[in-house]
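All remarks here apply to the structure that follows.
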Amino acid sequence: MHAVRWMAALMIVSPAWAAPVPASKPADEPVPKAAALLLRQRKVQKELRLTGDQRIAIVDGLGDLEDENQKAFEKLSRVPNPTPDAFDKLEEAHREKSDKFFESAAAKILGAEHRKRLKEIDRQVRGLEAFAVPEVQKILNLTDPQKQAVAKAIKEQERKIESFLNQLGNDDADTIKDDILKHRNEQTKSLLANFTAEQKTLWASLLGQPVKSFNPVELWFNLIELDELPPAM
């Protein structure tokens, strides 16, 4: 009898016994512009598992921008003697508005969990480049030698990419492409080999679950070929 009364009293004074501890929610982190622009890719939208309302909001927003751009184009077409760069400037302005739209969509249309996942996808797509992002370096607490190794690997990768873009359409392009992909893979392994166990664990958490609906490396290279990969920082 005394044991029963003691247990009852303990349950009254200890709220942890009365209700389970709620599961932690993902941090509501801001999304960098580079990651936000990946929302242009339907493959990324699919991987994020956006709701119907979220997809509609993105499609409608882009549709409004296209309508606005079309009206501006038609108006400019009626100008008797437009400046030589008038249409280029119009296209540039449209692109800037589109970029801002995706930044706004990442902040307002996506939820906290989607924003977190989008950053993970961006890191998987970028590979080596992700190690140079200040936020990532701070989380990983990279040492100066590690940062120097990252910078060296990325500089060499950029040199290979520039060579590839200069050779587009030539027989050597495919060979250079293979060299770039090999470099990215080998240098990533080399950098990770010099990470501490804690840094490796943190890096794995920054990547999240592997992307399943598309190949991040293929998307990365496609964006390079189209010159549509924004700077990571």
Side-chain angles (χ1 to χ4, degrees), residues 26-27 29-41 43-44 47-48 99 102-103 106 115-168 170 172-233:
E29 305 167 332
V31 177
K33 177 181 178 179
L37 295 185
L38 283 181
L39 284 174
R40 281 199 178 97
Q41 310 300 319
K43 294 177 180 180
V44 173
E47 179 68 22
L48 287 173
D99 288 354
F102 282 111
E103 289 184 79
R115 284 192 282 272
K116 179 176 180 292
R117 182 56 178 161
L118 182 57
K119 293 176 72 173
E120 293 171 350
I121 294 172
D122 181 59
R123 295 179 190 119
Q124 292 186 43
V125 169
R126 291 184 179 279
L128 275 178
E129 295 175 53
F131 289 123
V133 177
E135 177 192 21
V136 172
Q137 293 192 346
K138 182 177 180 180
I139 292 173
L140 297 179
N141 194 25
L142 296 187
T143 63
D144 288 339
Q146 287 175 324
K147 290 178 182 179
Q148 291 168 7
V150 167
K152 181 179 179 181
I154 292 176
K155 186 175 181 179
E156 177 62 16
Q157 178 173 274
E158 290 173 346
R159 186 189 67 78
K160 292 176 181 293
I161 289 173
E162 183 179 1
S163 178
F164 169 79
L165 294 176
N166 289 334
Q167 293 294 326
L168 273 178
N170 297 333
D172 293 339
D174 287 340
T175 301
I176 300 174
K177 175 180 178 179
D178 291 341
D179 188 34
I180 293 171
L181 297 179
K182 181 180 179 181
H183 177 270
R184 168 178 161 138
N185 184 49
E186 290 181 347
Q187 288 301 309
T188 299
K189 288 182 179 179
S190 177
L191 291 170
L192 287 172
N194 290 314
F195 277 15
T196 65
E198 183 181 8
Q199 287 174 322
K200 291 176 182 177
T201 299
L202 288 170
W203 175 242
S205 69
L206 288 173
L207 293 179
Q209 292 298 314
V211 171
K212 296 180 180 179
S213 59
F214 66 91
N215 186 323
V217 180
E218 287 184 3
L219 175 58
W220 172 73
F221 209 91
N222 288 340
L223 292 174
I224 287 175
E225 288 183 287
L226 297 171
D227 194 24
E228 293 184 355
L229 187 70
M233 293 169 280

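Remember, it's a predicted structure, so these values are computed and weren't measured experimentally. One is the number of the first residue; the rest follow in order along the sequence.
Here the side chain of Q199 pairs a donor or acceptor atom with the backbone of L140 at under 3.5 angstrom. Between the side chain of Q124 and the main chain of V211, a donor-acceptor pair closer than 3.5 Å is present. A distance-only check finds a donor-acceptor pair linking the side chain of Q146 to the backbone of N194 [under 3.5 Å]. In this structure, N222 contributes its side chain and E218 its backbone to a donor-acceptor pair below 3.5 Å. No donor-acceptor pair closer than 3.5 Å links the side chain of S163 to the backbone N or O of R159. Remark: the backbone N or O of T175 is not paired with any side-chain donor or acceptor of D179 at under 3.5 angstrom. Judged by distance alone, with hydrogens and angles left aside, the side-chain atoms of S205 form a donor-acceptor pair with the main-chain N or O of L202 at under 3.5 Å. Without hydrogens or angle criteria, R184 side chain to Q157 main chain gives no donor-acceptor distance under 3.5 Å.
Between R40 and D99 there is a salt bridge, since a side-chain N of the basic residue sits under 4.0 Å from a carboxylate O of the acidic one. Between K182 and D178, no side-chain nitrogen of the basic residue sits less than 4.0 Å from a carboxylate oxygen of the acidic one, so the salt-bridge criterion is not met. For the pair K152 and E156, the salt-bridge criterion is not met [side-chain N within less than 4.0 Å of a carboxylate O].
Here the closest heavy-atom approach between residue L191 and residue A149 is recorded as CD2-CB, 3.7 Å. When every heavy atom of I224 is checked against every heavy atom of L165, the shortest pair comes out as O-CD2, 3.7 Å. Summarising the geometry of W220 relative to E129, their closest heavy-atom pair is NE1-OE2, 3.1 Å, with the distance given to 0.1 Å. Of all non-hydrogen atoms in L38 and L118, the two that sit nearest each other are CB-CD1, 4.3 Å. Taking each heavy atom of F214 and V125 in turn, the nearest pair found is CE1-CG2, 4.4 Å. Taking all atoms of both residues into account, the shortest heavy-atom contact from N170 to N166 is ND2-O, 4.4 Å.
Expressed to the nearest 0.5 Å, how far CZ of R126 lies from CG of L229 amounts to 4.5 Å. Put simply, CD1 on I180 and CD on E158 are 11.5 Å apart, with the number rounded to the nearest 0.5 Å. Note that CD of E228 is 10.0 Å distant from CG of L219, once rounded to the nearest 0.5 Å. To the nearest 0.5 Å, atoms CZ (F164) and CG (D174) are separated by 7.5 Å. Annotation: the span from T196 atom OG1 to N141 atom CG amounts to 8.5 Å, rounded to 0.5 Å. The NE2 atom of H183 sits 9.0 Å away from the OG1 atom of T188 when rounded to the nearest 0.5 Å.
Crowding of K160 atom NZ: a count of heavy atoms from other residues, nucleotides or ligands under 6.0 Å exceeding 12. No more than 12 heavy-atom neighbours from other residues, nucleotides or ligands sit within 6.0 angstrom of CD on E162.
Every residue two or more places apart in sequence or in another chain that forms a salt bridge (charged side-chain N to carboxylate O under 4.0 Å, His left out) with R117 is listed here: E47, E120.
Side-chain contact between F195 and T201 is absent, with no heavy-atom pair separated by less than 4.5 Å. With contacts defined as side-chain heavy-atom distances shorter than 4.5 Å, the pair V31/D122 does not qualify.
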